[in-house]
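Please read the structure below before turning to the comments.
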Amino acid sequence: MNDKHYIIGYDAKRLVRNGTGLGNYGRNLINALTEIAPHTQFRLYVPDEGRAHLREQVVMRDNVRWVYPQGINYPFKKDLWRSRLMVADLLRDHVQLYHGLSGKLPAGLKHAGLPSVVTIHDLIFLRHPEYYHWFDAKIYKHQFYNTLREATCIIAISECTKRDILYYSDYPADKIKVIYQSASTRFKTRSTPQQLQAARERYHLPECYVLNVGTIEERKNVLLAVQALEQLPAHVHLVIVGRATPYATRVSRWAAEHGVESRVHFLSNVPNDALHAIYQQAACFVYPSRYEGFGIPIIEAIQSGLAVVGATGSCLEEAGGPDCAYVDPDDVPGMAAAISDILQNPDTTAQRVARSQQWVKRFENADVAQQVIAVYQELI
């Protein structure tokens, strides 16, 4: 930041609590920022230490420090600290700008004269409240509008998210910056033959499989890919990696009732090194989600060398670019046809993957971090 000694504070709860999604966003961004702005001090405000293996993914350079609430031991008080009381600690620590990394800002920032940025990932709770318990959707809605009253500037992680913010609020469009979610480059690293074989044996991977990665929930709509199996050759399997919700039972039941159960494989608690190897041995990747704020798994798949079939209707075309295939989230024949085209045309597929790999370079860490720093410079 022009070699000036700024102090930036962050809502870092998700960095130590979330293994995917919001957690990955925060860890990737902080690691990139702290490297390219060595003279700026980064204060990561967290209610507790969280999960050690996630906390350890944050590179502890000389300009990074965790900050915990003092004398607050009860969970409800920690929530209150994060939503309001933290402002006093920010002023105590001479923070010059505060960044809410997961769509939330503490009340009182504007009154304290402290400029703030908030990253809004999606407004699924407004666009599709049916995917939430009614009380949770109400709470998220309340937090969203409170955050808008505090925010000096909003970072939206896609044009789709910006459109939703403008649709559901009167927040000024010129104060919303679209900065795509930073994507780690770790999925570019090629697994060794030993790692590939170990993953194949450990997870009993079929010879030819289509891959899906993400929480197995209704919004992610992996049932569309399962239904497409009926229209694909019998040697084509589907491997689904992610945390299961009750929706997974519905998917399994449908597969059993339609005779494709033996071709559907569910995997959970897969470590990163094995996930790399699972990506790299897939025939292609499918992500039929009905709604996403961005869609990091698509980028991971492309970095792993896979052709992708995504769903229309949200931001996935922004993430994957023009050389991926996209189908309506209810179009079973369309999904089957897109997968079949990838499998039957390897030369064309390889060319499309190469172009997609050029597309996703725009989401990799350094450029995204530079864009975020530019926002900070406007406000400080």
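Since the model is a prediction, treat every value here as computed from it, not as a measurement.
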Do [X] and [Y] come within less than 4.5 Å of each other through their side chains, counting heavy atoms only?
{"X": "V117", "Y": "Y98", "answer": "no"}
{"X": "D367", "Y": "Q371", "answer": "yes"}
{"X": "N18", "Y": "L54", "answer": "no"}
{"X": "V226", "Y": "L238", "answer": "yes"}
{"X": "R82", "Y": "D11", "answer": "yes"}
{"X": "I278", "Y": "V270", "answer": "yes"}
{"X": "R219", "Y": "E292", "answer": "yes"}
{"X": "N212", "Y": "V241", "answer": "no"}

Testing the basics here: between [X] and [Y], what is the closest heavy-atom pair and its distance to 0.1 Å?
{"X": "L97", "Y": "V95", "answer": "O-CG1, 3.1 Å"}
{"X": "S191", "Y": "L196", "answer": "CB-CD2, 3.7 Å"}
{"X": "Q57", "Y": "N31", "answer": "O-ND2, 3.0 Å"}
{"X": "V327", "Y": "A338", "answer": "CG1-CB, 4.3 Å"}
{"X": "A301", "Y": "F285", "answer": "CB-CG, 3.5 Å"}
{"X": "A277", "Y": "A199", "answer": "CB-CB, 3.6 Å"}

To the nearest 0.5 Å, what is the distance between [atom1] on [X] and [atom2] on [Y]?
{"X": "H39", "Y": "H5", "atom1": "NE2", "atom2": "NE2", "result": "6.0 Å"}
{"X": "S83", "Y": "Q143", "atom1": "OG", "atom2": "CD", "result": "8.0 Å"}
{"X": "L44", "Y": "I8", "atom1": "CG", "atom2": "CD1", "result": "11.5 Å"}
{"X": "N221", "Y": "Q227", "atom1": "CG", "atom2": "CD", "result": "8.0 Å"}
{"X": "L267", "Y": "I216", "atom1": "CG", "atom2": "CD1", "result": "8.5 Å"}
{"X": "M335", "Y": "D328", "atom1": "CE", "atom2": "CG", "result": "10.0 Å"}

Item to check | F363 and F294: CA distance, side-chain angles, deciding distance, ring-ring contact (aromatic ring centres under 6.0 Å, His included) verdict | outcome: CA-CA 11 Å; F363 308 127; F294 190 51; 5.2 Å; yes

Using a cut-off of 6.0 Å, state whether more than 12 heavy atoms not belonging to [X] lie near its atom [atom1].
{"X": "K141", "atom1": "NZ", "answer": "no"}
{"X": "R84", "atom1": "CZ", "answer": "no"}
{"X": "D170", "atom1": "CG", "answer": "no"}

Would the distance check show the side chain of [X] and the main-chain N or O of [Y] forming a donor-acceptor pair, the cut-off being under 3.5 Å?
{"X": "D122", "Y": "T161", "answer": "no"}
{"X": "T348", "Y": "N345", "answer": "no"}
{"X": "S102", "Y": "R14", "answer": "no"}
{"X": "Q181", "Y": "I296", "answer": "no"}
{"X": "H128", "Y": "E130", "answer": "no"}
{"X": "Y247", "Y": "L223", "answer": "yes"}
{"X": "Q96", "Y": "I7", "answer": "yes"}
{"X": "S356", "Y": "I302", "answer": "no"}
{"X": "S304", "Y": "Q280", "answer": "no"}
{"X": "N63", "Y": "T34", "answer": "yes"}

In plain terms, say whether [X] and [Y] are close enough for a salt bridge, that is, a side-chain N and a carboxylate O under 4.0 Å apart.
{"X": "E218", "Y": "R290", "answer": "no"}
{"X": "K188", "Y": "E300", "answer": "no"}
{"X": "R355", "Y": "D323", "answer": "yes"}
{"X": "R92", "Y": "D89", "answer": "yes"}
{"X": "R55", "Y": "D48", "answer": "no"}
{"X": "E217", "Y": "R243", "answer": "no"}

Between [X] and [Y], is there a shared hydrophobic cluster once you connect ILVMFWY residues whose side-chain heavy atoms come closer than 4.5 Å?
{"X": "L109", "Y": "M86", "answer": "yes"}
{"X": "I373", "Y": "V64", "answer": "yes"}
{"X": "Y287", "Y": "I240", "answer": "no"}
{"X": "L101", "Y": "L379", "answer": "yes"}
{"X": "I30", "Y": "V67", "answer": "no"}

Checklist entry - Does Y279 have its ring centroid less than 6.0 Å away from the ring centroid of H276? => result no

Item to check | H265 and Y209 aromatic centres sub-6.0 Å | outcome: no

Checklist entry - Is the Lys NZ or Arg CZ of R127 less than 6.0 Å from the centre of Y167's six-membered ring, within 45° of the axis? => result yes

Checklist entry - Under the 6.0 Å and 45° cation-pi test, does R362 pair with W359? => result yes

Next on the checklist: For the residue pair D93 / Y45, report whether a side-chain donor-acceptor contact shorter than 3.5 Å exists.
Outcome noted: yes

Next on the checklist: Is it true that Y180 and S158 share a donor-acceptor pair across their side chains at a distance under 3.5 Å?
Outcome noted: no

Checklist entry - Is the H99 ring parallel, tilted or perpendicular to the Y376 ring (thresholds 30°, 60°)? => result perpendicular

Next on the checklist: One pair to check against side chain to side chain contact (heavy atoms under 4.5 Å, CB included): F144 and F125. What are the steps and the verdict?
Outcome noted: CA-CA 10 Å; F144 169 65; F125 53 89; 3.9 Å; yes

Checklist entry - In a check of side chain to side chain contact (heavy atoms under 4.5 Å, CB included) between V309 and each of V210, V286, D341, L224, which one passes? => result V286

Checklist entry - How far apart are the C-alpha atoms of R253 and E261, what are their side-chain angles, what is the distance that settles it, and do they pass the salt bridge (Lys or Arg N to Asp or Glu O under 4.0 Å) test? => result CA-CA 8 Å; R253 186 181 305 119; E261 184 177 25; over 6 Å; no

Next on the checklist: Among R200, Q197, E207, which residue satisfies the side-chain hydrogen bond (donor to acceptor under 3.5 Å, both in side chains) criterion with Q281?
Outcome noted: R200

